[in-house]
Chemist: 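The following block contains the structure, expressed as structure tokens.
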Amino acid sequence: MGFCLFNTVAIAADLALARADVERLAILDFDVHHGNGTVDVFRDRPEVLVCSTFQFPHYPGRGHDVLRPNLVHSPLPPGSTGSDFRRAVERDWAPALRAHRPDLILVSAGFDAHEADPLGDLRLSEDDFDWVTRFIVDAAEQSAQGRVVSALEGGYDLPALAASVATHLTALR
């Protein structure tokens, strides 16, 4: 249940895990919606760490309650700011990534958490997307030889989407 016909990040993760040089990977999902489809696919695959920030309560309203050691849910109440988002990522994602030590990081990059986006009530800005992207790049340098693959997952205010994607791509280096 969601907006995606195919979960491209889940497909990429399965293909990556078939490679000899990828034993563990992380999927990092920042979006206004919970990554429930990704959770459905990898809930019982401990080699895949799934971390998701999302507005709660909000559509799809499921998946956040699936508890497994490889799932990190970071719900944010409506009106959450960039500071709230950053605290959640540092509190929840950072220790999980250090413990998991992924060989590859895949990003579900949803820019519908932007303050201008009409689909949600999170208040993130381009500065927050720059910050989280640099956080991801730093994490990849620690354990994944800098390997990061990012997939666009959403954003419905076109000017905010364009600015956020440009910021994200610049921070990916």
Chemist: So, Asp112 side chain and Val32 main chain: donor-acceptor pair closer than 3.5 Å or not?
Modeler: yes
Chemist: Quiz question: by atom type and distance under 3.5 Å, do the side chains of His168 and Ser150 form a donor-acceptor pair?
Modeler: yes
Chemist: Checking the side chain of Asp31 only, and the main-chain atoms of Gly154 only, is there a donor and an acceptor separated by less than 3.5 Å?
Modeler: no
Chemist: Mind checking salt bridge (Lys or Arg N to Asp or Glu O under 4.0 Å) for Asp29 and listing every partner two or more places apart, or none if nothing turns up?
Modeler: none
Chemist: Quick check: Phe30 with Phe54 (ring centres under 6.0 Å apart)?
Modeler: no
Chemist: Does Pro77 offer a backbone N or O that forms a donor-acceptor pair with the side chain of Ser80 under 3.5 Å?
Modeler: yes
Chemist: Could you give me the CA-CA distance, side-chain angles and deciding distance for Phe111 and Tyr156, then say whether ring-ring contact (aromatic ring centres under 6.0 Å, His included) is met?
Modeler: CA-CA 8 Å; Phe111 299 103; Tyr156 304 95; over 10 Å; no
Chemist: Is it true that a side-chain atom of Arg24 and a backbone atom of Arg101 form a donor plus acceptor pair closer than 3.5 Å?
Modeler: yes
Chemist: Check the surroundings of atom CZ in Arg173: do more than 12 heavy atoms from other residues, nucleotides or ligands lie under 6.0 Å from it?
Modeler: yes
Chemist: Any side-chain to backbone donor/acceptor pair from Asp92 onto Ser74? Under 3.5 Å, distance only.
Modeler: no
Chemist: Is there a side-chain contact between Glu153 and Thr8, using heavy atoms and a 4.5 Å cut-off?
Modeler: yes
Chemist: Between Trp131 and Phe135, how do the two ring planes meet: parallel, tilted or perpendicular, split at 30° and 60°?
Modeler: parallel
Chemist: Would you say Glu23 has more than 12 foreign heavy atoms packed within less than 6.0 Å of its CD?
Modeler: no
Chemist: Of the non-hydrogen atoms in Ala160 and Glu126, which two are nearest, and what is the gap between them?
Modeler: O-OE2, 4.2 Å
Chemist: With ring-ring contact (aromatic ring centres under 6.0 Å, His included) as the rule and sequence neighbours excluded, what pairs involving residues 76-107 come up?
Modeler: none
Chemist: Counting C-beta onward and ignoring hydrogens, is there a side-chain heavy-atom pair between Leu97 and Leu28 closer than 4.5 Å?
Modeler: yes
Chemist: Are Asp14 and Arg45 close enough for a salt bridge, meaning some N to O gap below 4.0 Å?
Modeler: yes
Chemist: Any donor-acceptor pair under 3.5 Å linking the side-chain atoms of Thr133 with those of Asp130?
Modeler: no
